[in-house]
Amino acid sequence: MAWDFATEPEFEEKLVWMRQFVREEIFPLETLGLDYDEMLRVIGPLQDQVKERGLWAAHLPPALGGMGYGQVRLGLMHEILGQTPYGPVVFGNNAPDSGNAELLAIGIEETGDEAMRERWLQPLLDGKMRSAFSMTEPDTAGSDPTLLKTRAERDGEEYVINGHKWFTSNGSVADFLIVMAVTNPDVHPYQGSSMILVPTGTPGVDIVRDVATMEDPESEFGTFGNHAEIYYRDVRVPAGNLIGREGEGFSLAQQRLGPGRIHHCMRWLGQSKRAFDMLCERAVSRTAHGSLLAEKQTIQNWVADSLAEMHAARLMTLHAAWKMDNEGAPAARMEIAMIKYYGAGVLYNVIDRAIQVHGALGFSCDLPLEHMYRAARAARIYDGPDEVHRQTVARRTLRNYAPSELPTEHIPTRREEARARFADLLEQATANQ
Ligand SMILES: Cc1cc2nc3c(=O)[nH]c(=O)nc-3n(C[C@H](O)[C@H](O)[C@H](O)COP(=O)(O)OP(=O)(O)OC[C@H]3O[C@@H](n4cnc5c(N)ncnc54)[C@H](O)[C@@H]3O)c2cc1C
């Protein structure tokens, strides 16, 4: 089957505009140390320009005011936006709001719940609300969500939620949380878990802290991009806050995570390319031991390996996106798992090499590399740790192999079989000698 990642010239023009806009208008904001409110004020006019260009919240289907671009085009956009943490916010498609909007949209499509669209989805799409996705628990392994303990019990026309979550990104600045909870403990979690929308101000929602992390050790409570620890104690919400249908939590999560991983990987490529450009610029600028760093073989290896790895990750990700566009998310499961761990590794390696080539400057806060490096480390953990995705790929691959007492390629055995098969020919050949 032919693969075709080509995009039309009109779309390429949009990408050209985005590249310049991101570099000239958004990169400089990184250096200003803005708090959340200041950031919102400063990026407002930039968001207006994005809206005028028809590029706002482009991840959504046309019915929801998006462009219906599909994953290949969206991926190419995310590659540009991912270069800077502000990029996705300016374009109205930052995580977790973009994925949460998709979740709400899928749920509304199923149930026809127009009230949910008006009350929550539309303000989220308009950038007037913030959301968070609250699934991971400190006391159970997030890599195996079948172990989730948080419970949501139906009581008349309400759900009553009890549980303890953490790493709810943006939880402390969100207007609402999408909580993954067990609604029926008597069936397999794949059928017994649900997603429920919980407004942050609901009594019983106790956001105890933003967890300080390697990315942000000085974490100040209520900062955009932080990761909240939350207790849900007898939290009552209307039954209508259920997203989709009861028991659909896992299937909704799968639908949300597929496209999200493509976007993550393309954003990582944007980051990798930025680090790579710094690596190369330094290599041709710095002299040590009688020659430019660019003339040392180790540095050349870093340049060559980084370029090859980024190219491979890019093609793998575009292929996964193409497959998703053409055959649907379930068909692309292997490809999506592969890019998740491969892309996270490439990001980490390229930034690491860029730091090394800059020496002490690379380690310092005078360059963005140290922060990029700290943020990149998380890529190997969130959205499922590398090991789980490797396991998916290995398991699915190994399904295609049958056990064999002797290796199929065992040369003595094959030789014996070949001799038997070609006995006549061999006899003739030896007789003619
Ligand atoms: C920056 C960041 C943002 C996040 N944002 C959110 C969010 O918004 N909402 C949310 O709900 N969660 C979020 N998370 C949580 C994230 O999804 C979980 O951390 C992740 O799923 C892993 O779960 P865990 O931390 O409980 O690790 P565990 O499940 O305890 O796993 C720990 C380690 O065990 C090993 N391991 C696990 N399974 C296997 C296996 N099958 N084979 C081999 N080794 C294995 C891996 O090395 C893994 O790293 C975020 C995490 C980070 C770091």
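These values consider heavy atoms only, across backbone and side chains, with no hydrogens, waters or symmetry-generated copies. Counting convention: from 1, in listed order, for ligands and their atoms alike. Remember, it's a predicted structure, so these values are computed and weren't measured experimentally.
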Main-chain N/O of Gly247 paired to Ser193 side chain as donor or acceptor, under 3.5 Å: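 No, Ser193 side chain to Gly247 backbone: no donor-acceptor pair under 3.5 Å.
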Is it the case that ligand 1 has an N or O less than 3.5 angstrom from some N or O of [X]?
X	answer
Pro385	no
Phe167	yes
Met135	yes
Thr168	no

Closest to atom 3 (C) of ligand 1 (judged by heavy-atom distance), picking from Ser169, Ala253, Ala378, Pro145: Ser169
Option of least heavy-atom distance to atom 42 (N) of ligand 1 (set: Glu387, His227, Glu137): Glu387
Salt-bridge contact [X]-[Y] (side-chain N to carboxylate O under 4.0 Å):
X	Y	answer
Lys273	Asp277	yes
Glu137	Arg151	no
Arg236	Asp155	yes

Side-chain donor-acceptor pair present, Ser169, Tyr382, cut-off under 3.5 Å: no
Distance-only side-chain donor-acceptor flag, Thr200 / Asp175, under 3.5 Å: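 Result is no, nothing qualifies.
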Any protein heavy atom < 4.0 Å from atom 7 (C) of ligand 1: yes
Distance flag for atom 35 (C) of ligand 1, protein heavy atom under 4.0 Å: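 Within 4.0 Å: no protein heavy atom nearby.
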Protein residue, atom and distance nearest to atom 41 (N) of ligand 1, heavy-atom basis: Gln391 OE1, 3.0 Å
